[in-house]
2 protein chains.
Amino acid sequence: MASPTPIAPAQKITTESLRGSLGFLLRVAQLRSFGHFFAVLGDEEVRPGEATVLDLIRENPGIRQGMVSKTLKIKRAQMSKMIREMEREGLVARAVPEDDRRAIELRLTKEGEAMIAGITARFPEIERRTQAALTPAEGAELRRLLIKLNGLDKTKGEDSDDPDDER
Amino acid sequence: MASPTPIAPAQKITTESLRGSLGFLLRVAQLRSFGHFFAVLGDEEVRPGEATVLDLIRENPGIRQGMVSKTLKIKRAQMSKMIREMEREGLVARAVPEDDRRAIELRLTKEGEAMIAGITARFPEIERRTQAALTPAEGAELRRLLIKLNGLDKTKGEDSDDPDDER
DNA sequence: TGTTATTTGTTTCCTAGTAGACAAAATAAA
DNA sequence: TTTATTTTGTCTACTAGGAAACAAATAACA
């Protein structure tokens with residue numbers, strides 16, 4: 001319950017440079033979106049990262065673990081842990097392809113399918129809450145700008161200035 | 001150095017739902033902005049969060065630790081650790097105000113002033129790199145949308161639907 | 001006044017995520 | 001072929017951050 005009379009802040013502070021900092025704005029926005037995720041799906045035993053991974057595997061059955069890593073910008077070490085845990089939980093099946101015995105192909109189990117189906121069904125609600133403060137047009141524009149900012153609009157092969165780009 | 005001929009991805013994958021996910025887009029954008037921070041300030045022994053804290057204290061000498069927490073959405077536990085470490089490093093001075101002996105007022109030391117001055121001087125370069133893919137107008141619009149999304153435009157006292165809002 | 005609630009910062013324990021080294025497999029180069 | 005080089009996933013620390021319990025101080029209240 002929100003206080004009927006919100007407590008007045010004890011201090012007046014200036015946040016000049018904060019609003020100018022894209023990094024800060026992005027961090028806060030991401031914190032909020034995580035918060036909305038847990039507000040809607042807190043009862044499910046899945047974290048945001050796992051949900052994204054499951055969804056990507058659903059869309060691309062047989063996708064290789066490394067490709068999931070690169071696509072979602074999740075470090076390989078972390079990916080390894082996550083996948084093994086989800087395998088243990090019976091959500092994901094791992095298979096070594098014959099043409100490359102280093103790699104691992106990922107597919108969802110029945111349980112995984114059911115799990116991600118129940119989750120993605122509530123994605124729209126999360127999105128709705130996340131951008132509740134924006135008009136629909138603004139929400140769409142925000143997405144477009146973020147996609148462009150992230151270089152996800154380039155089809156492929158472009159030179160990236162991504163500092164996290166590990167090749 | 002970027003490969004002259006970028007390696008073709010081993011698999012064609014679809015990322016339908018990824019582009020629709022504001023959470024994912026925000027996470028990637030934030031990762032990139034962190035990457036640019038370290039690309040520009042990697043030699044400094046300061047992390048993004050610490051830089052933001054120092055900058056906020058510089059703007060608001062005597063600000064209370066809890067207010068820094070709330071403003072920057074950093075949990076109190078983490079804040080406590082961070083401040084104590086920066087005090088140990090001689091960047092920040094802590095003082096207990098007479099009117100409330102629970103609280104702690106924060107100020108920068110000479111060293112802290114010098115440190116943050118050197119850092120903020122390079123903030124524009126970080127920002128420039130972060131939004132390099134956008135036109136100036138788009139960069140400004142992105143900021144505006146994020147500020148609105150985060151509810152930072154409301155002057156105060158509004159009812160927030162922020163799930164991370166801890167009162 | 002005493003008594004209960006709330007605020008403020010800290011501490012302890014735990015988890016998510018990272019860096020770096022590693023082994024196995026595949027590829028390139030000799 | 002043999003020998004390097006690269007890729008792929010894993011493992012072992014290590015670090016940042018979060019949750020919950022806590023003590024001290026303050027505020028609210030009977």
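Within every chain, numbering begins at 1; the chains are lettered A, B, ... in the order of the sequence lines, protein sequences first and strands thereafter. Bear in mind the structure is a predicted one, so any value in this text is a computation, not a measurement.
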Would you mind telling me which of [options] lies closest to the side-chain atoms of [X]?
| X | options | result |
| --- | --- | --- |
| B:K81 | C:dC13, D:dT10, D:dA25 | C:dC13 |
| B:A77 | C:dG9, D:dA19, C:dT18 | D:dA19 |
| B:R76 | D:dA25, C:dG17, C:dT10 | C:dT10 |
| B:R84 | D:dG17, C:dA19, C:dT10 | C:dT10 |
| A:R64 | C:dT12, D:dG9, C:dG9 | D:dG9 |

Which sits closer to the 5' end of DNA chain C, A:P97 or B:S80, going by the nucleotide each is nearest to?
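On the 5' side of the pair lies B:S80.
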In terms of the nearest nucleotide of DNA chain C, which residue is placed more toward the 5' end: B:A103 or A:D99?
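Here B:A103 is the residue nearer the 5' end.
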Salt bridge present between A:D153 and A:R144 (N-O < 4.0 angstrom):
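Salt bridge: no.
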Figure out the [atom1]/[atom2] separation between [X] and [N], and round it to whole Å.
| X | N | atom1 | atom2 | result |
| --- | --- | --- | --- | --- |
| A:I74 | C:dT18 | CD1 | P | 9 Å |
| B:K73 | D:dA16 | NZ | C1' | 20 Å |
| A:K75 | D:dT8 | NZ | P | 16 Å |
| A:M82 | D:dC11 | CE | P | 16 Å |

Can a side chain N or O of [X] be found less than 4.0 Å away from OP1 or OP2 on [N]?
| X | N | value |
| --- | --- | --- |
| B:Q65 | C:dT10 | yes |
| A:R101 | C:dA25 | yes |
| A:R102 | D:dT10 | no |
| B:R47 | D:dA16 | yes |

Set out, in order, the CA-CA distance, both residues' side-chain angles and the distance that settles salt bridge (charged side-chain N to carboxylate O under 4.0 Å, His left out) for A:R129 and A:E125, then state yes or no.
CA-CA 6 Å; A:R129 294 192 189 199; A:E125 172 64 11; 2.9 Å; yes
B:S33 and B:T130: CA distance, side-chain angles, deciding distance, side-chain contact (heavy atoms from CB on, under 4.5 Å) verdict:
CA-CA 6 Å; B:S33 93; B:T130 302; 3.9 Å; yes
Tell me which pairs pass salt bridge (Lys or Arg N to Asp or Glu O under 4.0 Å) where either residue lies in residues 49-59 of chain A, with sequence neighbours left out.
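For residues 49-59 of chain A, and leaving out neighbouring residues, the salt bridge (Lys or Arg N to Asp or Glu O under 4.0 Å) pairs sorted by first residue read A:R47-A:E50, A:D55-A:R58.
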Do B:Q65 and B:R76 have side chains that get closer than 4.5 Å, going by heavy atoms?
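No; the side chains remain at least 4.5 Å from each other.
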